[in-house]
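Input: a single structure, listed below in structure tokens.
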2 protein chains.
Amino acid sequence: MDQEILKKYSNVDECPVRNVLDRIGNKWTLLVLLVLEEQQVLRFNELHTYISTISQKMLSVTLKSLEADGLVKRTIYPQVPPKVEYELTARAQSLLPLIHNLVDWSKTHINAIKTSRKHYELVTRK
Amino acid sequence: MDQEILKKYSNVDECPVRNVLDRIGNKWTLLVLLVLEEQQVLRFNELHTYISTISQKMLSVTLKSLEADGLVKRTIYPQVPPKVEYELTARAQSLLPLIHNLVDWSKTHINAIKTSRKHYELVTRK
DNA sequence: CTGTATCCCGTCGGATACTG
DNA sequence: CAGTATCCGACGGGATACAG
């Protein structure tokens, strides 16, 4: 890993994994992906019902960025009232196993991590 | 995935993977982990040299949170001038394969993703 | 050498109200 | 039903200066 590579990894635009982490790292993206994986096809308000604590604004923003990255397919049915369906793309399907690995690792280690945090807080307290 | 589970996944404190993503999702954590993996043991300023674009403040903050989570071990040598060494823990070693999977997936798909983003921008432009 | 302390700004995300 | 528009507070992260 030379200096050239490091510079690229420091740059959000040039670093591939930063491009991905900047998406799934934000507050709601992962949850939307997991719900869509399980339910397969959902309308906007159905998603909102499943993830009731998300605001309309953030659900909209999250879905748009997922659509922009080609991870979610959005289908509009031209009718009144409007009907819009969301579903995962093949690209998202290929990412989901890695996400599940992360979820599993987190579940396995979260207790030890929280214990570490408490201990760290104690020993660093003045 | 029932409502109870979803509420937990919406809550940063209760959701295991959010606890992990909130760490590796920030700007510098991943890069620090990868450099430490390759170099094994580094002092503060050596890390700063490898990752020259990080500010002293953020390097300090990033290392502290990694240490708090038990992902990095910090060793102080009581001498003047001070010498402090950082190295990965076994916990971090167990996480790194998943990170490499993410890096690989990102490298594989980043071009297609960027193409999708450009296309999305075009079709949504007024 | 290994950090802290301030100040400051941009972005993320929440609340609320409004629209085709 | 499926969003947008607006306002606003909190927080991540950069620049700079200082300290043990």
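Order of the sequence lines fixes the chain letters, A, B, ..., with proteins taken first and strands second; residue numbering starts at 1 for each chain.
- Taking every heavy atom of both residues into account, A:Glu46 and A:Arg43 meet most closely at OE1-N, 2.8 Å.
- Partners of A:Lys73 under the salt bridge (charged side-chain N to carboxylate O under 4.0 Å, His left out) rule, at least two apart in sequence or in another chain, are A:Glu87.
- The outermost nucleotides of DNA chain D lying under 4.0 Å from heavy atoms of chain B, listed 5' to 3', are D:dG13 to D:dG20.
- Within the nucleic acid shown, B:Asn45 comes within 4.0 Å of at least one base atom, counting heavy atoms only.
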Quiz item: Are A:Leu47 and A:Val35 close enough, and set up right, to give a side chain to side chain contact (heavy atoms under 4.5 Å, CB included), and what steps lead you there?
Solution: CA-CA 8 Å; A:Leu47 264 167; A:Val35 170; 4.0 Å; yes

Quiz prompt | Per-nucleotide protein contact string for nucleotides 3-15 of chain C (B base, S sugar-phosphate only, - none; heavy atom under 4.0 Å) | solution = BB-BB-----BBB

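- Judged purely by distance below 3.5 Å, without hydrogens or angles, the side chains of A:Ser116 and B:Arg91 pair a donor atom with an acceptor atom.
- Each of B:Pro82 and A:Pro82 was assigned the nucleotide of DNA chain C with the nearest heavy atom; the assignment lying further toward the 5' end belongs to B:Pro82.
- With hydrophobic clusters built from ILVMFWY side chains whose heavy atoms lie under 4.5 angstrom apart, B:Ile110 does not share a cluster with B:Tyr120.
- Remark: side-chain polar atoms of A:Thr89 are paired, donor with acceptor, to backbone N or O of A:Gly70 under 3.5 angstrom.
- Closest approach of A:Val20 and B:Trp105 over heavy atoms only: CG2-CZ3, 3.9 Å.
- When atom types are taken as modelled, the side chain of A:Arg23 and the backbone of A:Asp69 share no donor-acceptor pair closer than 3.5 angstrom.
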